[in-house]
Amino acid sequence: MKTVHLILFILFFSSSLFCQEIVVNKIEPPNWWTGMKLNKVQLMVYGKNLKDVSAKFSNARIKVVRVNKTANSDYTFIDIEIPKNTKPDNYRLTLMRGKEKTDVTFPILKREDRSKRFKGFSGKDVIYLIMPDRFCNGDTSNDSIPGYSDYMNKIPGQNRAGGDIQGMINKLDYIKDLGITTIWSTPLTENNTFRSYHGYATTDFYKVDPRLGTNELYKKFVDEAHKRNLKIILDHVSNHFSDDHPWLKNPPTPNWTNGTKENHLDADHNKMVFTDPHADSSTIKHVERGWFVDSMPDINQENPFVANYIIQNTIWWMEYAGIDAIREDTYPYNNQKFMARWAKAVMNEYPTTNIVGEVWSGTPAFLAGYQKDTFLPRDFNTNLPAITDFGLRDVLIKYLSGGNNFYNIFEILSEDYLYKNSNNLVTFADNHDLPRVMYFAKGNVDKAKIVYTMLLTTRGIPQIFYGSEIGIVGTDDHGQIRTPFPGGFPNDTRNAFTKEGRTSEENDIYNFLRDLIHLRNDYPALSTGKLIHFPPEHDVYVYFRTLENEKMMIVVNNNSAESYADLKMMKDFVSEKSKLINVRSKKEVSFDSKMKLAIEGLHAEIFKIID
């Protein structure tokens, strides 16, 4: 009798094992497009009872190349190939195991008109950095969403302010009028975790956070920007995700992350190891595998499924929304050989785009090694076109905070020989992680204006942080650095997006910066011309930007009193017969018989030279 019971149990167990329903909850990417260079796509399928499934499409032209085996039956990875001439349609994908099968729809879409998409950015551009939650609340109905909470909302400065994508759409005309050509928004993907306004701890890589809007609204934002000839930069994070992401509790593979919540390497910030010829491989691995913070698991980019996921996710957002370029967060903390592959894949799909990697180092010798085709010894090409110029930022802020001469600025620019392309550096004086210009200026508006003048008239691609155009001061606390823009929120008592809503001091800075940006746009030499500078003398710094027949001269006086720029050694650029037009006042100015030009104290002037 016991034997009969045992046989029945085995038969029942075997029957239940092989009759478990195949459940598909989600597929990533959720769709693809016909005519893509990347037409071999790996589908990450989320669900239940996915172990040992097979798969096929209803249309045999779409090939299922492989169904990869994984230990976790809640996931499977299906490699497919989409022929170039595939007709756009919703295709049926069937997952099977024995008698069990499940059908799901996988859309293959037609690509949209590329004429206003994937434009990249260059020296011709001025970038405006926005933290959406702190910029403008255009839709109060999404301020609170069921299922989305953040315990830090009770902490001043760390709470959500309510800004969103609709708010950015509402202010596109304001941004355009300022003279901006390109918008970089901090990440918009779902951050269903603490300090959620921040955006850099993703809990769903294919979904816009509903407190900011929807995927469709983000696409509308990009489209509306393009209508105004504004370009959009995607802030992308390959290095880490939130510990509230489902992956951490239920990893698709055992090595999905570098270590576990309980046992992992801490962050190692020695970013110079990648260009250090004497660095030990263990140090490099620590930088690449350490968790940026304990709440942001470090994703294992040596895992081939992870690598495919990140590349496809980046390309999906580019194609879905028509994004123009990418800013890649925490670049040195990633696996560098993978990032070289990632950048190559993105640039191969979108040759006209640009990618800037955030490399937080103020030393050009370290920064330069991250740029594509670097002159410095590397055992592989990074394929990264642009990098953040923390070197220039650091010396601008040193000057602003009390450094009393321009020589450090002159010296950092003199080190441009280290870069393969110093014109493809994103330059800035403040951003979402650093105290603002006016915080360091301590009320000295004249010095702040000098910093902005140099930022917008030297080489590189300048970036302005939202609110800096009205002189927001803030503190060195991150919550206050990202202070809400006055007038962007329902209970604000004034609207600093308008002249009438700004104070006289705010209008002074706003008008100065707006005029400066427009001058940069109006005179091509200021944005893309060759830079020639001369060593500062008596705290007066003179440099030129030349492009074809256009010559511009910038003269900066750091003395409190009127001083003279001695131009007699600069006769290759300006002679006794030259006419100098002050491009702000539009008036002709003259130098004395000794070719000395008077400049007001703590002042910078821009001249057009007419021979």
Side-chain angles (χ1 to χ4, degrees), residues 123-124 126 364 389 391-400 403-419 421-425 427-429 446-462 515-517 519-559 563-575 578-584 589 591 595-611:
K124 296 178 181 179
V126 178
D389 191 358
L392 181 59
R393 178 266 167 191
D394 287 356
V395 293
L396 288 175
I397 294 303
K398 182 177 182 180
Y399 160 73
L400 196 59
N404 290 324
N405 62 64
F406 291 135
Y407 198 81
N408 288 334
I409 298 168
F410 167 81
E411 191 174 53
I412 207 81
L413 292 171
S414 298
E415 294 182 51
D416 278 358
Y417 69 90
L418 292 164
Y419 297 106
N421 184 2
S422 60
N423 293 315
N424 208 8
L425 303 178
T427 59
F428 58 100
D446 290 332
K447 290 189 79 172
K449 288 179 178 179
I450 285 174
V451 164
Y452 281 126
T453 300
M454 288 193 282
L455 179 67
L456 284 152
T457 59
T458 190
R459 90 297 185 263
I461 306 139
D515 289 347
L516 186 57
I517 295 170
L519 286 172
R520 179 185 172 88
N521 295 339
D522 291 342
Y523 293 93
L526 291 177
S527 57
T528 59
K530 179 178 175 60
L531 171 66
I532 304 99
H533 66 169
F534 289 81
E537 289 190 3
H538 308 296
D539 241 0
V540 177
Y541 185 26
V542 180
Y543 56 98
F544 298 83
R545 302 296 302 273
T546 65
L547 181 67
E548 297 176 348
N549 295 324
E550 187 173 83
K551 285 195 295 185
M552 309 297 292
M553 180 174 71
I554 299 90
V555 183
V556 193
N557 178 15
N558 189 42
N559 298 285
S563 297
Y564 289 86
D566 188 349
L567 307 180
K568 63 178 176 292
M569 298 299 293
M570 306 174 191
K571 289 188 177 181
D572 286 344
F573 303 95
V574 57
S575 69
S578 298
K579 289 173 60 178
L580 299 182
I581 307 297
N582 186 312
V583 295
R584 287 188 186 277
V589 297
F591 37 78
M595 290 195 69
K596 290 188 176 183
L597 179 67
I599 298 293
E600 184 182 337
L602 278 180
H603 215 65
E605 292 291 1
I606 306 168
F607 302 96
K608 182 175 182 178
I609 302 171
I610 302 174
D611 293 324

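Heads up: numbering here begins at 1 and tracks the sequence.
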Search all heavy atoms of Thr528 against all heavy atoms of Gly123 and return the closest pair with its distance.
CG2-C, 4.0 Å
Salt bridge (Lys or Arg N to Asp or Glu O under 4.0 Å) with Arg545: which residues, sequence neighbours excluded?
none
Could you list the residues that satisfy ring-ring contact (aromatic ring centres under 6.0 Å, His included) with Phe573, not counting sequence neighbours?
Phe544
Would you confirm whether Asn559, through its side chain, and His538, through its main-chain N or O, come within 3.5 Å as a donor-acceptor pair?
yes
Contacts of Asp566 that satisfy salt bridge (Lys or Arg N to Asp or Glu O under 4.0 Å) - sequence neighbours left out:
Lys568
Enter the distance from Thr458:OG1 to Leu392:CG here, rounded to the nearest 0.5 Å.
6.5 Å
Mind checking what makes ring-ring contact (aromatic ring centres under 6.0 Å, His included) contact with Tyr407, not counting sequence neighbours?
Phe410
Determine, step by step, whether Asn408 and Asp394 satisfy the side chain to side chain contact (heavy atoms under 4.5 Å, CB included) criterion, reporting the C-alpha distance in whole Å, the side-chain angles of both residues, the deciding distance to 0.1 Å, and the verdict.
CA-CA 10 Å; Asn408 288 334; Asp394 287 356; over 6 Å; no
Report yes if the side chains of Leu567 and Met553 come closer than 4.5 Å at any heavy-atom pair, otherwise no.
yes
Which pair of non-hydrogen atoms, one from Leu519 and one from Val583, has the smallest distance, and what is that distance?
CD2-O, 3.7 Å
Taking only residues two or more places apart in sequence or in another chain, which ones pass side chain to side chain contact (heavy atoms under 4.5 Å, CB included) with Asn549?
none
Would you mind writing out the side-chain donor-acceptor pairs for residues 448-457 within the sub-3.5 Å range, not counting sequence neighbours?
unit_1: Lys449; atom_1: NZ; unit_2: Asp508; atom_2: OD1; d: 3.3
unit_1: Lys449; atom_1: NZ; unit_2: Asp508; atom_2: OD2; d: 3.0
unit_1: Thr453; atom_1: OG1; unit_2: Lys449; atom_2: O; d: 2.8
unit_1: Thr457; atom_1: OG1; unit_2: Thr453; atom_2: O; d: 2.6
unit_1: Thr457; atom_1: OG1; unit_2: Tyr543; atom_2: OH; d: 2.5

Just so I know, are the side chains of Asn558 and Tyr541 near enough to count as touching, which here means a heavy-atom distance under 4.5 Å?
no
Is Ser563 close to Ile599 at the side-chain level, that is, under 4.5 Å between some pair of heavy atoms?
no
Can you tell if the side chain of Ile609 reaches within under 4.5 Å of the side chain of Leu580, non-hydrogen atoms only?
yes
Please report the interatomic distance CG(Asp389) to CG(Leu425), rounded to the nearest 0.5 Å.
5.0 Å
Side chains of Ile554 and Leu526, heavy atoms from C-beta outward: is any pair under 4.5 Å?
yes
Which distance, rounded to the nearest 0.5 Å, do you find between the CZ of Phe534 and the CE of Met570?
5.0 Å
Is the backbone of Ala525 close enough, under 3.5 Å, to the side chain of Glu550 for a donor and an acceptor to pair up by distance?
yes
From the list Ile581, Val574, Val555, side chain to side chain contact (heavy atoms under 4.5 Å, CB included) with Phe607 holds only for Val555
Name all residues meeting the side chain to side chain donor-acceptor pair (under 3.5 Å) criterion together with Ser578; count only those two or more places apart in sequence or in a different chain, and write none if there are none.
Ser575, Asp611
Backbone N or O of Ser422 within a donor-acceptor pair of the Asp416 side chain at under 3.5 Å?
no
Partners passing side chain to side chain contact (heavy atoms under 4.5 Å, CB included) against Asn423 (at least two apart in sequence or in another chain)
Asn421, Arg459
Identify, with sequence neighbours excluded, every residue that meets side chain to side chain donor-acceptor pair (under 3.5 Å) alongside Arg520.
none
Scan residues 600-609 for pairs that pass salt bridge (charged side-chain N to carboxylate O under 4.0 Å, His left out), counting only residues two or more places apart or in two chains.
none
Closest heavy-atom pair and its distance - Thr427, Pro462:
OG1-CA, 3.2 Å
Any heavy-atom pair between the side chains of Ile412 and Pro364 that's under 4.5 Å?
yes
Which residues pass the side chain to side chain donor-acceptor pair (under 3.5 Å) test with Lys124, not counting sequence neighbours?
none
My understanding is that only residues two or more places apart in sequence, or in another chain, count here; which of them pass side chain to side chain contact (heavy atoms under 4.5 Å, CB included) with Tyr564?
Glu562, Lys596, Ala598
